[in-house]
Amino acid sequence: AMLKDTAGLSENDGYQELRHFFESRRKELWLYGPNSLYTYDNDLNRFFFSKGSNRQVDFIQYGTVYQMMEDRDGGIWLATDNGLYFLNSGGRSWDVKNYFLSPKEGAAYEITDILQLQTGEYWLSSWGNGVLTLDRKFQRYEAGIYSRIPDFNRIRNNQYRQTWTLHQQANGLIWIGCQAGNYILHNHATRTSTFHQLREAENATIRFITAGTGNSLWIGTQRGHLIKHDGATFTTVQKFNTIVRKVFIDKQGLIWVALE
């Protein structure tokens, strides 16, 4: 006989993909991905599915949750295909705010990643609308990312606005991974950007960027490239032939790669 679901992960009757775990500093555990957002109840020892009006988290509407992050004040941010959500926890209850950030009424930006800068501002990568920038009071401001973009053809110009991943190095330089192997380097202090194409990505979309040991960076792509940047040169370390979702460097320096 089939065992009854005791984890709560069959609560969603539709198709779902459980791709990512997220744990807050308060030890709140989340599980999310396409058509899935679950919160763990420590008292009942099970997950609860959250979508729409739900007993755990109200009014979060999404098709895919791409990323979750915790800011320095303990607020939780969710990047979704239906805009950006901010959760402010108060004990066992949550206050939810939806930032549609949309230029068109009734439509929402598809937010793919969230980054809180060293100076406190919030940057949001989106597919098709470039990087959206909020100050520490959550007000839109112009960071000058695209103010001096070269005169590319229409396709490549659009690719730099199809953004997937954000990373800020310790020296303050911000990397923006884009469609078709393109990436942007932005100096926030001088408000200047340079626009590049990563040859080693072979025109594959850059899906993840993270820091390694020393000054190194690790880059994952849509087609499975795992690329190391040592501060001067790029080297393809491995090609998995599937999407690299996340790269994690543990305390021993071992590299963990989450694949599609």
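What you see is a predicted model, and the numbers here were worked out from it, not measured in a lab.
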Q: Indicate, with yes or no, if Leu185 and Leu117 share a hydrophobic cluster defined by side-chain heavy-atom contacts under 4.5 Å among Ile, Leu, Val, Met, Phe, Trp and Tyr.
A: no
(Q) Test of understanding: with salt bridge (charged side-chain N to carboxylate O under 4.0 Å, His left out), list the residues that count as partners of Glu200, not counting sequence neighbours. (A) none
Q.
Is the distance between the ring centroids of Tyr146 and Tyr160 under 6.0 Å?
A. no
Q.
To the nearest 0.5 Å, what is the distance between CD on Gln169 and CD on Gln118?
A. 9.5 Å
Q: Find out whether Ser36 and Glu17 are in side-chain contact, i.e. whether some heavy atom of one side chain is under 4.5 Å from a heavy atom of the other.
A: no
Q.
Ignoring hydrogens and geometry beyond distance, is a side-chain donor-acceptor pair present between His167 and Thr165 at under 3.5 Å?
A. no
**Q.** hydrophobic_cluster_shared for Phe152 and Tyr183, side chain cutoff 4.5 Å
**A.** no
Q. Got a donor-acceptor contact below 3.5 angstrom from the Ser125 side chain to the Val131 backbone?
A. no
Q. Going by heavy atoms in the side chains, are Leu37 and Met68 under 4.5 Å from each other?
A. yes
Q: State the CD1-OG1 distance between Ile176 and Thr163, to the nearest 0.5 angstrom.
A: 7.0 Å
(Q) Under the rule for ring pair (Phe, Tyr, Trp, His ring centres under 6.0 Å), what residues qualify as partners of Tyr32, not counting sequence neighbours? (A) His20
Q. Counting only heavy atoms not in Lys239, do more than 12 sit closer than 6.0 Å to its NZ atom?
A. yes
(Q) Is the shortest side-chain heavy-atom distance between Tyr62 and Asp81 below 4.5 Å? (A) yes
Q | Donor-acceptor contact below 3.5 Å, side chain Thr205 vs main chain Arg207 | A | no
Q: Can you sort out the partners of His229 under ring pair (Phe, Tyr, Trp, His ring centres under 6.0 Å), two or more places apart, ordered by chain and number?
A: Trp175, Phe234
Q: Look up atom CZ in Arg148 and atom OG in Ser193, then write down how far apart they are to the nearest 0.5 Å.
A: 9.5 Å
Q) Are side-chain N/O atoms of Asn182 and Arg156 paired as donor and acceptor at under 3.5 Å? A) yes
Q) Can you tell me how far CG of Leu115 sits from CD1 of Ile174, rounded to the nearest 0.5 angstrom? A) 6.5 Å
Q) When clusters are formed from ILVMFWY side-chain contacts under 4.5 Å, directly or step by step, what else is grouped with Ile249? A) Phe208, Trp218, Leu226, Val237, Phe240, Val244, Val247, Ile255, Val257, Leu259
Q | Whichever hydrophobic residues join Phe248 through chains of side-chain contacts under 4.5 Å | A | Leu254, Trp256
Q) Which residue pairs pass the salt bridge (Lys or Arg N to Asp or Glu O under 4.0 Å) test with at least one member in residues 247-260, sequence neighbours excluded? A) Arg19-Glu260, Arg245-Glu260
Q) What are the two closest heavy atoms between Asn187 and Ala189, and how far apart are they? A) OD1-N, 3.0 Å
Q) Within a strict 4.5 Å, meaning less than it, do heavy atoms of the Leu78 and Leu87 side chains meet? A) yes
Q: Just grab all the salt bridge (Lys or Arg N to Asp or Glu O under 4.0 Å) pairs involving residues 111-121, residues at least two apart or on different chains.
A: none
Q: Would you name the heavy atoms of Gln168 and Gly172 that are closest together and state the gap between them?
A: NE2-O, 3.1 Å
(Q) Side chains of Asn157 and Arg161: any donor to acceptor distance under 3.5 Å? (A) yes
**Q.** Connected-component partners of Tyr66 among ILVMFWY, side-chain separation under 4.5 Å
**A.** Trp127, Trp164
Q: Considering non-hydrogen atoms only, spot the tightest contact between Ala180 and Gln159 and give its length.
A: CB-NE2, 3.4 Å
(Q) Tell me the closest heavy-atom pair linking Gly144 and Ser147, and the distance in Å. (A) O-OG, 3.1 Å
(Q) List the residues meeting side chain to side chain contact (heavy atoms under 4.5 Å, CB included) with Asn158, not counting sequence neighbours, and say none if there are none. (A) Arg154
Q: Kindly check if the number of other-residue, nucleotide or ligand heavy atoms within 6.0 Å of CG (Asp135) is above 12?
A: yes
Q) Linking I/L/V/M/F/W/Y whenever their side-chain heavy atoms sit closer than 4.5 Å, directly or via other members, would Leu217 and Leu166 fall into one cluster? A) no
Q: Please check if any side-chain donor atom of Gln116 sits under 3.5 Å from a side-chain acceptor atom of Asp71, or the reverse.
A: no
Q: Might you point out which heavy atoms bring Thr80 and Asn82 nearest each other, and give the distance in Å?
A: OG1-N, 2.8 Å
Q: Answer yes or no: is there a side-chain heavy-atom contact under 4.5 Å between His196 and Thr194?
A: yes
Q. Does Thr236 reach the main-chain N or O of Gln238 with its side chain, forming a donor-acceptor pair under 3.5 Å?
A. no
Q.
Tell me whether Thr133 contacts the main-chain N or O of Tyr141 through its side chain, where contact means a donor paired with an acceptor under 3.5 Å.
A. yes
Q) CD of Gln162 to OG1 of Thr112: how many Å apart, nearest 0.5 Å? A) 10.5 Å
**Q.** ring pair (Phe, Tyr, Trp, His ring centres under 6.0 Å) against Tyr122, all qualifying residues, sequence neighbours excluded
**A.** Trp77, Phe138
Q: Go through the structure and list residues passing ring pair (Phe, Tyr, Trp, His ring centres under 6.0 Å) with His186, not counting sequence neighbours.
A: Trp123
Q. Can you tell which of Tyr38, Phe22, Phe47 makes a side-chain contact (heavy atoms from CB on, under 4.5 Å) with Leu29?
A. Phe47
Q) Hey, quick one: are Ile111 and Leu134 part of the same hydrophobic cluster, counting side-chain heavy atoms closer than 4.5 Å, chains of contacts allowed? A) yes
(Q) Between Asn203 and Gln197, is there a side-chain heavy-atom distance shorter than 4.5 Å? (A) yes
**Q.** Flag, side chain of Glu70 to backbone of Arg25, donor-acceptor distance under 3.5 Å
**A.** yes
Q.
Using a 6.0 Å cut-off, check whether atom CZ of Arg72 has over 12 heavy atoms from anything other than its own residue.
A. yes
Q. Are Leu132 and Leu84 connected in a single hydrophobic cluster, I mean Ile/Leu/Val/Met/Phe/Trp/Tyr linked by side-chain heavy atoms less than 4.5 Å apart?
A. yes
(Q) What I'd like to find out is whether the side chain of Thr235 reaches to under 4.5 Å of the side chain of Ile227, using heavy atoms alone. (A) no
Q: Can you see which heavy atom on Gly181 is nearest to which on Ala201, and at what distance?
A: CA-CB, 4.1 Å
Q.
My understanding is that only residues two or more places apart in sequence, or in another chain, count here; which of them pass side-chain hydrogen bond (donor to acceptor under 3.5 Å, both in side chains) with Asp230?
A. Thr233
Q.
So, taking the atom named CD1 in Ile155 and the one named CG in Asn153, what distance separates them when rounded to the nearest 0.5 Å?
A. 6.0 Å
